[in-house]
Asker: 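Dropping a structure here in structure tokens format, bear with me for questions.
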Protein chains: 2
Amino acid sequence: MTATDAPSTSEETAAGGTWRDRAVERSLRNARAKAASRSDRFIRAASEIVSETGRTDFTVQTLIERSRSSLRSFYQHFSSKEELLLALFEEIIASSAAQWRAEIETLDDPLSGLHVLLERIHKESGATDGAGMNRALSVYHLELANNHPAEYARVLAPLRNLIFDLVQRGVADGSLRTDIRPETLAVITMQTLVGAAHMHALGAEPDGSPVDSERLWDFCLGGLTGPPRAPAGTPR
Amino acid sequence: MTATDAPSTSEETAAGGTWRDRAVERSLRNARAKAASRSDRFIRAASEIVSETGRTDFTVQTLIERSRSSLRSFYQHFSSKEELLLALFEEIIASSAAQWRAEIETLDDPLSGLHVLLERIHKESGATDGAGMNRALSVYHLELANNHPAEYARVLAPLRNLIFDLVQRGVADGSLRTDIRPETLAVITMQTLVGAAHMHALGAEPDGSPVDSERLWDFCLGGLTGPPRAPAGTPR
DNA sequence: CACTTTCGAGAATGACGTTCTCCGCCGCAA
DNA sequence: TTGCGGCGGAGAACGTCATTCTCGAAAGTG
């Protein structure tokens, strides 16, 4: 702690950091560069704290100590703590989505793309140590969904779009069902992925039922391609 | 508001109230009758407040005013506000699940049962007016999942068991896939249902993509029965 | 050097949850 | 009737936070 405000941000904090973490960090830094250097300090400090603790309930005091700044300037740049968190997670999601998109675009099968995406999301959310960011991200999703549903939908747009693009490609090449609008299919898929990631990240899965990413993928695949044939009857 | 503490609890608040709401209310009242009459007051008051406002962030002050009681006795019966909410939602979920189970057991096709269940959950969570309870329930799920994952899993058990039983029946009569353990299938299904209900309740669905219960069911059905045939390859 | 803008330090405020203290009230035994 | 033990009402007190406000001290500008 008390890191110099020099470049290297999180070499130590990203103890369990994978290459992906660092890549995300890097693109995050880019995004930051655009932002006013002032707000930057706060975002960076918040990012560090969240990465280390995996929680978003740090106090504003802690934040300003970490950012070597003052309450006054904090509230000069962000109208509230929530706004800061929103900004932080917006950046993270956007850059993660960009990251995933880049990785996935090298595959030509959209189903493989979805599978890979599912594994990324599920794995990252499951990282128990070091990558507290992912856990916090899951947790914060929920708070955000509660408090600002509209913002929530907006912030998740990059991920939704990524899934949507893959779904559309899948529809185009005939590997996905067409009896559900691709937009809807994408939203349902995203909800399923994100929901599962939440439970996984929180360890809220019941005892005897491990939801590993393969089973989850099998389930989604079924949902995405459609049932073998119309089974029994639909109720009234 | 300022309803008498007489019987009829939510006739007005349940403007969009279906018979089911009232049935749930009734069985809730039964459950209450068993509880110590003291704690009862608090649970009932909380239930009223939540039904009316659709939020769980009422202050303890409001609660004790409504329950015509005192802070002192509140903390004598519940160690914290959270514990109260937990108790309240445990009751609600348990009785709702019992209610649904009763309704569904009259159907002989397990798939129909799941379909009906999905519609119940989705509809109730979507009620925009009056039935604030359902909305609050969704919201509180999230908070609970965040703060006490273990309790969360426990409280949801009745619903999970209900789904599990249906899944097992479906497996038994050959209408559901067998390549995923029924426990896992049930958990995934529940996560999908509950997740969708959350988004629906919160209005957090993106603009152009209505996730109506039929589409959601189609998706789940696919996931539950399995893909038509193994399509393309799985990624590395 | 006056003058404005910027921002650090930190006190003040206001909401809440939670604890604590005082005291009346009710049932009960002698 | 009097004395007493405990339940529970009223509400003051405390601790933690987010958010605002106040006071100056640098730092750039003429």
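Quantities reported herein were computed from a predicted structural model and do not represent experimental measurements. The chains referred to below are lettered A, B, ... by the order of the sequence lines, with proteins before strands, and numbering in each begins at 1.
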Asker: Going by side chain to side chain donor-acceptor pair (under 3.5 Å), name the pairs with one or both residues in residues 185-195 of chain B, residues two or more places apart or in two chains.
Answerer: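 For residues 185-195 of chain B: none.
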
Asker: What's the CZ-P distance between B/Arg55 and C/dA15, to the nearest Å?
Answerer: 17 Å

Asker: Taking only N/O atoms, report every protein-nucleotides 18-22 of chain C pair under 3.5 Å with atom names and distance.
Answerer:
unit_1: C/dT18; atom_1: OP2; unit_2: B/Tyr75; atom_2: OH; d: 2.8
unit_1: C/dT18; atom_1: OP2; unit_2: B/Lys81; atom_2: N; d: 3.1
unit_1: C/dT18; atom_1: O5'; unit_2: B/Tyr75; atom_2: OH; d: 3.4

Asker: Any side chain to side chain donor-acceptor pair (under 3.5 Å) involving residues 158-167 of chain A? Give me the pairs, sequence neighbours left out, ordered by first then second residue.
Answerer: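 Every pair satisfying side chain to side chain donor-acceptor pair (under 3.5 Å) with a residue in residues 158-167 of chain A: A/Arg101-A/Asp165.
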
Asker: Considering residues at least two apart in sequence or located in another chain, which fulfil the side-chain hydrogen bond (donor to acceptor under 3.5 Å, both in side chains) criterion with B/Ser73?
Answerer: B/Ser69, B/Ser70

Asker: Report the distance from atom CG of B/Asp40 to atom P of D/dG8, rounded to the nearest whole Å.
Answerer: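 Taking CG of B/Asp40 and P of D/dG8, I get 14 Å after rounding.
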
Asker: I'd like to know if the side chain of B/Ser47 reaches the main chain of B/Ile43, judged simply by a donor and an acceptor atom lying under 3.5 Å from each other, with no hydrogens or angles considered.
Answerer: no

Asker: D/dT16 C1' sits how many Å from A/Phe58 CZ, rounded?
Answerer: 16 Å

Asker: Pick the closest DNA chain C nucleotide for A/Phe42 and for B/Thr59 by heavy atoms, then say which residue is nearer the 5' end.
Answerer: A/Phe42

Asker: If a pair satisfies side chain to side chain donor-acceptor pair (under 3.5 Å) and one of its residues is in residues 78-89 of chain B, list it, with sequence neighbours excluded.
Answerer: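 Residue pairs with at least one partner in residues 78-89 of chain B: B/Ser79-B/Glu83, B/Glu82-B/Asn147, B/Glu82-B/His148.
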
Asker: Taking atom P of D/dA18 as reference, at what distance in whole Å does atom CD of A/Glu143 sit?
Answerer: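 Rounded to whole Å, this separation is 12 Å.
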
Asker: Should the pair A/Arg66-A/Glu52 be classified as a salt bridge under the 4.0 Å nitrogen-to-oxygen rule?
Answerer: yes

Asker: Would you say B/Ser70 reaches D/dG11's phosphate, i.e. side-chain N/O to OP1/OP2 under 4.0 Å?
Answerer: no

Asker: Using atom CG of B/Leu85 as one end and atom P of C/dG17 as the other, report the distance to the nearest whole Å.
Answerer: 10 Å

Asker: Just the rounded figure in Å: distance from P of C/dG8 to CZ of A/Arg68.
Answerer: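 Value for this atom pair: 12 Å.
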
Asker: Contact class for B/Phe78 vs. all strands (heavy atom < 4.0 Å): base, sugar-phosphate, or nothing?
Answerer: nothing

Asker: Given C/dC7, is OP1 or OP2 found less than 4.0 Å from the side-chain N or O atoms of A/Ser69?
Answerer: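 False: A/Ser69 side-chain N/O out of range (4.0 Å or more) of C/dC7 OP1/OP2.
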
Asker: Rounded to whole angstrom units, what separation is found between the CG atom of B/Asn147 and the P atom of C/dG17?
Answerer: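 Distance check: B/Asn147 CG to C/dG17 P gives 14 Å.
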
Asker: Would you indicate, yes or no, if D/dG9 has its OP1 or OP2 atom less than 4.0 angstrom from a side-chain nitrogen or oxygen of B/Ser73?
Answerer: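 Answer yes for this pair, as a side-chain N or O of B/Ser73 is under 4.0 Å from OP1 or OP2.
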
Asker: Taking salt bridge (charged side-chain N to carboxylate O under 4.0 Å, His left out) as the definition, give me every residue that meets it alongside A/Glu143, ordered by chain and number, with sequence neighbours left out.
Answerer: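 Counting only residues at least two positions away or on another chain, A/Glu143 forms no salt bridge (charged side-chain N to carboxylate O under 4.0 Å, His left out).
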
Asker: How long is the line joining NE2 of B/His77 and P of C/dG17, in whole Å?
Answerer: 19 Å

